[in-house]
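Below, read A as the first sequence line, B as the second, and so on, with proteins coming before strands; counting in each chain starts at 1.
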Amino acid sequence: MSQYHEEDEPNYSIMEEEMPYLKREDEKTVLISAQPPSLIPPPVIEFDSAGRKSAPGKRKPCNCTRSQCLKLYCDCFANGEFCLNCNCKDCHNNLEFNHERSRAIKQSLEKNPQAFKPKIGVATKGINSDMERLHQKGCHCKKSNCLKNYCECYEAKVACTDRCKCRTCRNTEADRQVRFTDRFPMSSDFDRRTPISEDEAEEPVSSKSVKTHPWYYLTDDVVETTTMCLLGQVHESEQKNESTSETIKALCGEFGSCLLQIFDATRKAQQNELLSTKKEYITPSDLS
DNA sequence: GAGTTTGAAACT
DNA sequence: CAGTTTCAAACTC
Ligand SMILES: [Zn+2]
Ligand SMILES: [Zn+2]
Ligand SMILES: [Zn+2]
Ligand SMILES: [Zn+2]
Ligand SMILES: [Zn+2]
Ligand SMILES: [Zn+2]
């Protein structure tokens with residue numbers, strides 16, 4: 001994979017990094033029918049090419065009907081993956097049509113050498129934090145105000161930048177900051193700061209099991225943050241001109257998201273309690 | 001589920 | 001490069 005290192009050919013080095021089954025041969029890019037990416041050991045990918053969260057094993061099945069999953073219209077193809085358990089019709093994005101598929105990849109690649117590179121920069125990779133987690137090409141939205149998932153920036157949960165050519169954008173960094181959801185993602189390891197009642201605060205015995213109940217984490221801070229998130233959601237829904245029912249639906253989602261984070265803190269507290277039966281102190285490395 | 005809306009990708 | 005068409009997903013009801 002790394003037998004070619006030519007400084008003046010950045011495209012190929014990128015391609016070899018992103019698509020191991022591509023090889024350089026003479027002045028051409030040649031696709032070798034090596035192991036398909038989906039069969040290669042562990043594709044530990046956190047984000048797909050569009051910046052969406054992508055659980056390594058699972059992938060949203062496509063429903064392509066006219067592209068044969070051999071154009072970038074197909075998300076599977078665009079992610080450099082084979083179709084598997086998809087609902088596509090007349091799919092050629094598989095080993096049966098490997099040759100045709102390789103030709104299609106090559107075709108897309110010569111149209112745009114960056115075609116299979118992630119559209120959204122990976123979020124800080126150790127020392128190399130140059131790659132911003134922002135859309136590299138920018139969106140061109142006209143009617144969604146960049147407030148719906150039609151917008152690739154919004155879908156990837158990143159702010160629009162000057163690279164975008166969107167009209168009436170409501171997804172600027174400033175816009176996002178008044179929506180709270182992104183500003184205060186309640187860290188699941190927040191501490192309880194405000195005692196709910198004085199009795200309980202001075203109860204040494206109950207402190208062992210009380211932390212395993214969700215309501216223990218309903219501190220003022222958490223309640224306030226949750227409320228802020230909901231208000232931010234209302235704000236966003238109003239900008240979208242959403243109907244009341246859609247607004248309520250969105251609010252339910254937001255509230256559920258907050259509740260899950262609170263519950264997550266509960267779950268971690270339970271784990272800590274289990275660990276503390278053997279250890280006096282828990283080091284941060286125990287948590288993860 | 002049916003029908004509409006949307007903007008990237010493809011095409012001219 | 002710009003204008004148009006095609007396409008599959010996002011969205012609405
Ligand atoms: Zn497909
Ligand atoms: Zn597919
Ligand atoms: Zn397919
Ligand atoms: Zn946009
Ligand atoms: Zn944008
Ligand atoms: Zn925008």
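Shown here is His140(A), whose NE2 atom has more than 12 heavy atoms of other residues, nucleotides or ligands within 6.0 Å. Under a cut-off of 6.0 angstrom, the local environment of CZ in Arg163(A) is crowded, with over 12 non-hydrogen atoms contributed by other residues, nucleotides or ligands.
One can place CZ of Phe116(A) at 11 Å from P of dA9(B), the figure rounded to the nearest angstrom. The distance between atom NZ of Lys165(A) and atom P of dA9(B), rounded to the nearest whole Å, is 13 Å. Between Lys142(A) atom NZ and dG7(B) atom C1' there is a gap of 9 Å when expressed in whole angstrom units. A straight line from CD of Gln107(A) to C1' of dA10(B) spans 10 Å, rounded to a whole angstrom. Here dT6(C) presents its C1' atom at 14 Å from CG of Leu72(A), a figure rounded to the nearest Å.
Where the helix from dG1(B)-dC13(C) to dT12(B)-dA2(C) starts and where it ends, the local axes point in directions that differ by 0°; five pairs per end, rounded to 10°.
At a threshold of 4.0 Å, the pair Glu110(A)-Lys106(A) does not count as salt-bridged, since none of the basic side-chain nitrogens sits closer than that to a carboxylate oxygen. Remark: Arg103(A) does not engage Glu100(A) in a salt bridge, criterion side-chain N to carboxylate O under 4.0 Å.
The aromatic rings of His92(A) and Phe97(A) lie parallel to each other, with less than 30° between the two planes, well short of the 60° mark.
Counted by atom type alone, Asn94(A) and Arg101(A) present zero donor-acceptor pairs between their side chains at under 3.5 Å.
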**OP:** For nucleotides 8-13 of chain C, just jot down a letter per nucleotide in 5' to 3' order: B, S or -, based on protein non-hydrogen atoms under 4.0 Å.
**Re:** SSBSSS
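Between Lys137(A) and dA8(B) there is no side-chain N or O to OP1 or OP2 distance below 4.0 Å.
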